[in-house]
Amino acid sequence: MDKQLRIVFMGTPDFAVASLDILVENGFNIVGVITAPDKPAGRGLQMQESAVKKYAVSKGLPVLQPEKLKNPEFIAQLTALKADLQVVVAFRMLPEIVWNMPPEGTINVHASLLPNYRGAAPINWAIINGEKESGVTTFKLQHEIDTGDILLADKVVIRDDETAGELHDELMHTGARLLLKTVQSIAAGTAKETPQANIAAADIKHAPKIFKETCQINWQDPLDKIYNLVRGLSPYPAAWTTLQDKSMKIYKAHKEQGTPSIAPGEFDTDQKTYVRIAAPDGYLYLDEIQLEGKKRMDIAAFLRGYRF
């Protein structure tokens, strides 16, 4: 295998670290790492480095942190790295001057089975929509987001009780392994590119950015839809409802099908072991919540300090 490819890696959060690590551990030549600028975070507003930067520094890899990707100084620095290939995992949108620079192009690891779930939140939307499987896809970047030629894909099963956080961790490692196979095939000159099927936009499921209103539970919805929303938004940003005029995030819950004796959206509790909320066709039992102004806690701890 030709491991002499000069590779620039672009990524920011934890999800991207596994992919960078697998390339480093398999001897690929990472000539530069591009990640987000340090940002103030936490109560003391201390400057925080991205997960990718921390990893890159620990491995002695050169790091660039451009504010703007079209900045001439950054473009000059990137050009000087003379990359054969760029790899993007959980990074921002790239301008054409960046993604079109290396001779082997720029490849992306996307956490869905393309062409479905193009967009910012593929893991969340797969669970919110009640999908039974998800996966990762490697593809070549083109003008339109997530539309480039597919290189490889790998499926995973979504468990009935799986949360977005759990699926994220599984796809993080599945994606890293798929990226390794993809880069190995490019290095060996055996990579095959498959254009994304010419499917009408109306037939493709999308994964748009999630906003606060997306996360509010509608108790008139069927119980399964509510349950999937909770799973698909856990642990972040979390589905929410209101309890006595305060917002309440729901991180974990389980469901019981049936015909409730109370109206949808009403609470029922024994004040000791359970809190449940009615849907039209059953109850959602709360397991782990966070009431506005309080810490995240399990339902037994919550009931010790709260009276309905």
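Heavy atoms only: backbone and side chains are in, while hydrogens, waters and symmetry mates are out.
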Do we see a donor-acceptor contact under 3.5 Å between the side chains of [X] and [Y]?
X: Ser234; Y: Thr163; result: no
X: Gln244; Y: Tyr306; result: yes
X: Gln196; Y: Arg118; result: yes
X: Asn29; Y: Gln4; result: no
X: Gln290; Y: Lys295; result: no
X: Ser50; Y: Thr35; result: yes
X: Gln257; Y: Asp224; result: yes
X: Asp268; Y: Tyr283; result: no

On a heavy-atom basis, which atom in [X] and which in [Y] lie closest, and how many Å separate them?
X: Cys215; Y: Ile210; value: SG-CG2, 3.7 Å
X: Gly119; Y: Pro122; value: O-CD, 3.6 Å
X: Leu81; Y: Gly32; value: CD1-CA, 4.1 Å
X: Gln48; Y: Ala41; value: CG-CB, 3.4 Å

Under 3.5 Å donor-acceptor, [X] side chain and [Y] backbone:
X: Asp270; Y: Tyr274; value: yes
X: Thr137; Y: Ser112; value: yes
X: Asn124; Y: Gly232; value: yes

Would you compute the distance between atom [atom1] of [X] and atom [atom2] of [Y] and round it to the nearest 0.5 angstrom?
X: Leu85; Y: Ile107; atom1: CG; atom2: CD1; value: 5.0 Å
X: His110; Y: Ile150; atom1: NE2; atom2: CD1; value: 10.0 Å
X: Asp287; Y: His254; atom1: CG; atom2: NE2; value: 5.5 Å
X: Trp99; Y: Met10; atom1: CH2; atom2: CE; value: 12.5 Å
X: Leu61; Y: Lys53; atom1: CG; atom2: NZ; value: 13.0 Å

Legend entry - Identified side-chain hydrogen bond (donor to acceptor under 3.5 Å, both in side chains) counterpart of Tyr117 within the set Glu131, Lys205, His206: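 For Tyr117, the side-chain hydrogen bond (donor to acceptor under 3.5 Å, both in side chains) check succeeds only for Glu131.
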Inset, instruction - Can you establish whether the number of heavy atoms outside Ile97 located under 6.0 Å from its atom CD1 is more than 12? - result: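 It does not: Ile97 CD1 has 12 such atoms or fewer within range.
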Legend entry - Crowding at CZ, Phe267 (>12 non-hydrogen neighbours, <6.0 Å):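 It does: Phe267 CZ has more than 12 such atoms within range.
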Answer whether the closest heavy-atom distance between the side chains of [X] and [Y] falls below 4.5 Å.
X: Phe9; Y: Ser19; result: yes
X: Ile30; Y: Val24; result: yes
X: Ile250; Y: Ile217; result: yes
X: Val98; Y: Phe74; result: yes
X: Glu162; Y: Glu170; result: yes
X: Leu171; Y: Phe15; result: yes
X: Arg231; Y: Glu166; result: no
X: Asn228; Y: Asn129; result: no

Inset, instruction - Kindly work out whether a path of hydrophobic side-chain contacts (I/L/V/M/F/W/Y, heavy atoms less than 4.5 Å apart) joins Val183 to Val109. - result: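 Same hydrophobic cluster.
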Legend entry - Cluster overlap Leu179 with Val8, hydrophobic side-chain contacts below 4.5 Å: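 Leu179 and Val8: separate clusters.
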Inset, instruction - Using the six-membered ring of Tyr251, assess whether NZ or CZ of Arg296 lies under 6.0 Å from its centre and within 45 degrees of the ring axis. - result: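 Yes, a cation-pi geometry holds between Arg296 and Tyr251.
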Inset, instruction - Report yes or no: is the cationic atom of Lys212 (NZ for Lys, CZ for Arg) closer than 6.0 Å to the six-membered ring centre of Trp240, at no more than 45° off its axis? - result: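 Relative to the ring axis of Trp240, which defines the angle, Lys212 lies inside both limits.
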Legend entry - Worked check of salt bridge (charged side-chain N to carboxylate O under 4.0 Å, His left out) between Asp298 and Lys252: CA-CA 9 Å; Asp298 65 38; Lys252 288 186 180 174; over 6 Å; no
Legend entry - Pairing residues for Lys249 by the salt bridge (charged side-chain N to carboxylate O under 4.0 Å, His left out) criterion, not counting sequence neighbours: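 Applying salt bridge (charged side-chain N to carboxylate O under 4.0 Å, His left out) to Lys249 gives none.
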Inset, instruction - Using side chain to side chain contact (heavy atoms under 4.5 Å, CB included) as the criterion, point out the one residue from Thr138, Leu141, Leu151 that pairs with Asn108. - result: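 Only one of Thr138, Leu141, Leu151 forms a side chain to side chain contact (heavy atoms under 4.5 Å, CB included) with Asn108, namely Leu141.
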Inset, instruction - Hydrophobic side-chain clustering at under 4.5 Å (ILVMFWY, transitive links): who's grouped with Leu113? Put none if nobody. - result: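 Answer for Leu113: none, a lone residue.
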